Protein chains: 2
Amino acid sequence: MHADLAEQAAEARRLDAADPLAAYRDRFLPAEGVVAYLDGNSLGRPLRAAAERVARFVHEDWGTRLIRGWDEGWIDLSQQLGDRIGRLALGAAPGQVVVADSTTVLLYKLARAAVDHALTRGRREIVLDTDNFPTDRYVAEGIAAERGAVLRWIPADPAAGVTPEQVAAVVGPGTALVVLSHVAYRSGFLADGPEITRIVHDAGAPVLWDLSHSAGSVPVDLDGWGADLAVGCSYKYLGGGPGAPAFGYLATRHQGVLAQPVQGWFGHRAPFEMGPGHEPAPDVRALLSGTPPVFATVPLQAGLDLLDEVGIDAVRAKSVALTGFALRVADALLVPHGVRVASPRDPRRRGGHVTLCRADFADVNDRLWKRGVIGDFRAPDGIRLGLAPLSTSFAEVLAGMTALAEEL
Amino acid sequence: MHADLAEQAAEARRLDAADPLAAYRDRFLPAEGVVAYLDGNSLGRPLRAAAERVARFVHEDWGTRLIRGWDEGWIDLSQQLGDRIGRLALGAAPGQVVVADSTTVLLYKLARAAVDHALTRGRREIVLDTDNFPTDRYVAEGIAAERGAVLRWIPADPAAGVTPEQVAAVVGPGTALVVLSHVAYRSGFLADGPEITRIVHDAGAPVLWDLSHSAGSVPVDLDGWGADLAVGCSYKYLGGGPGAPAFGYLATRHQGVLAQPVQGWFGHRAPFEMGPGHEPAPDVRALLSGTPPVFATVPLQAGLDLLDEVGIDAVRAKSVALTGFALRVADALLVPHGVRVASPRDPRRRGGHVTLCRADFADVNDRLWKRGVIGDFRAPDGIRLGLAPLSTSFAEVLAGMTALAEEL
């Protein structure tokens, strides 16, 4: 064990020394008492620039420009930020992404839009997998109940994710919509986006991708996939802060065709005409409903600045290196103690986090938190290590996992 | 004109000197270059305490507690803040209000819940008035179209608002839901909440009150009215900042009976069990859908602290004094120039803002903005003066209205 640890420590030092993104760690605010923050895929750490932007926003934009801010950029902030996320993280050309609402609400709107349209064509089945994130499953369940659709479940193997073969086996002329996560929230399994999209399209249906665990970590190429619909959250790798607004993607070819049900003034062709009768915007604004969450998007703007500076490919390269290192450490220090690795070993099938399992991990995680080692317990027996590439060093990964080993 | 102005200036001085809330103006951040901010009912000004709270939140809560914040208060923040708004501003006992989403999304959820339930009883009519805020009308229109309900319009007289008699004339055994604003967004007309609620209840239907222009300005007594459903926004008199989250009220007796359609993980009985199958929370949490907008509620917390310190009755007393003064100034300085007062003269029927009309007011408002006098143009011909009691002095009202007089 001591020899192993020394070897891992030497490797961590080598990797940190060679890491071209190492200096970016200093862009984040320090967290006193935190030994290792290994939950950047649940909540990203705040940038110093986010703190500065927020202070400036309160004093200058909100405090001094006041209501004039609407004429000076707030009015189309949802689309501006959407376009930026699209370009930096999603492979989406302008005019297809908005920032608004929560992931759940945008999921509802997009799924309703797709299912309502499919029902007019006699397609009634919503396909999803048993390992999808709870809110995705609950939203689909609710829509099925209210619209008279049916759920068609793919029995996901948590260790292997949802495969193209599994999707091909269930889609067909009855498929209304397929709802999948690109990176599985527990295992970190990375689905084959382009191949699954192609299979579902061949069956005549659209896919709604949940990109919550991809955006800002794993490059996505929505336009390249010929994707239809997507949602995701901005408080993980994009740095938006706790409960930050979500993003939604509606491919250009579906705009004006798929209609979402929560029609409010910001989805109107001309909100400030305040006229009688709703006239939906002819573009991606039709996804919007209420007043955009201007203040809530300020930290996200700092996160996008950084992603623009670094580039998603460099982020992904470090992400693969971090998760690969974590797996090697797990094999050396934890597997001998009965820990099971629940994440894919093939980096092409792995997102930005790694999940390790043992029956007593609920208790172990409590003890780690007390030591300032912050991972995320995921029932029934997983500790999930979310390794945000821009704020996490290899030494930090090792410090956290060494503490974990000590608790076993 | 000069004599009039001197008299008004003397009155403004008298009123400011006698104003028990005068000192609270210093609690707000200064706005350089702004001569008069008369749009506090569109966007409230930021408190110094809000700026401090936000900075502390980014560094300490988000930056240092990180994901542990969920266990340390974030998890039920929506209800905690809802309870506070309920107690301080709405006359609602705990357990009936949440803070979440946008006003539009909460309107949709609550209206859908009520209409879906009404349809099972054969009630198909959604009653609303032609002067209601656009998003309220658009949401109702969308729900009518998707659920096969019909809209029954009350032709509102913008100068007189919606009267109990008008409501009584249209409700009956076919009424599914009545959707009304408590304070009309243009005229400032204040509807008779308890009387209208009684009339609609006698017809066997619920009312959904939009309290966006009331909350934090006009006391509301939802429980006392026997109210059913309400929504409102927090970025006006409550100080939440641009695009801050909304609040929704679901009376205890309707909980577990009316079900909203956007079922996500935070509306689940136990979100972090992440179990299969949605089990709605048995309480007001069933109104929630996605991850609560934690960061976005930080300024609101400062606004509620101040409201707690001052009390809604003192706020209302100053609000009535401010709008009364504005009407006297309008009569003296503006009406002689062909300006029409579009707001009620009876303070019992008036909310916290006053609207003045003249055919050229779109241009006049542009010129006022250039002078640092910030009101809000409302088509076709109104300048709306929103007089936030805690941040507005009588001298400021006079300065703005004198500038307006000079532009005529």
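From a predicted model like this one, the values you see are computed outputs, not experimental measurements. Quick note on labels: first sequence line is chain A, next is B, and so on, each numbered from 1.
Tested against A/Tyr108, the residues A/Ile143, A/Thr103, A/Asp101 include a single side-chain contact (heavy atoms from CB on, under 4.5 Å) partner, A/Ile143.
Both the backbone and the side chain of A/Pro293 come within less than 4.5 Å of a heavy atom in chain B. Heavy atoms of B/Ala51 lying under 4.5 Å from chain A belong to its backbone as well as its side chain. With a 4.5 Å cut-off on non-hydrogen atoms, A/Trp74 touches chain B through its side chain but not through its backbone. Heavy atoms of A/Ser102 lying under 4.5 Å from chain B belong exclusively to its side chain. Looking at A/Arg112, only its side chain comes within 4.5 Å of chain B, counting heavy atoms on both sides. Contact annotation for A/Val34: only side-chain heavy atoms (C-beta onward) come within less than 4.5 Å of a heavy atom of chain B. Contacts between A/Ser42 and chain B at a heavy-atom distance below 4.5 Å involve backbone atoms as well as side-chain atoms. No part of A/Phe377 comes within reach of chain B, as not one of its non-hydrogen atoms sits under 4.5 angstrom from that chain. With a 4.5 Å cut-off on non-hydrogen atoms, B/Phe57 touches chain A through its side chain but not through its backbone. Contacts of A/Val54 with chain B are made by side-chain atoms alone, with heavy-atom separations under 4.5 Å and no backbone atom involved. Heavy-atom distances place no part of A/Pro245 under 4.5 Å from chain B, backbone and side chain included. Using a 4.5 Å cut-off between heavy atoms, A/Arg147 touches chain B through its side chain atoms alone. For a residue to count as touching a neighbouring chain, one of its non-hydrogen atoms must lie under 4.5 Å from one of that chain's; by this rule A/Ile374 touches chain B with the side chain only. Proximity to chain A (any heavy atom under 4.5 Å) is restricted, for B/Arg378, to the side chain, taken from C-beta onward.
The backbone N or O of A/Asp61 lies less than 3.5 Å from no partner atom in the side chain of A/Thr64, so there is not a single donor-acceptor pair.
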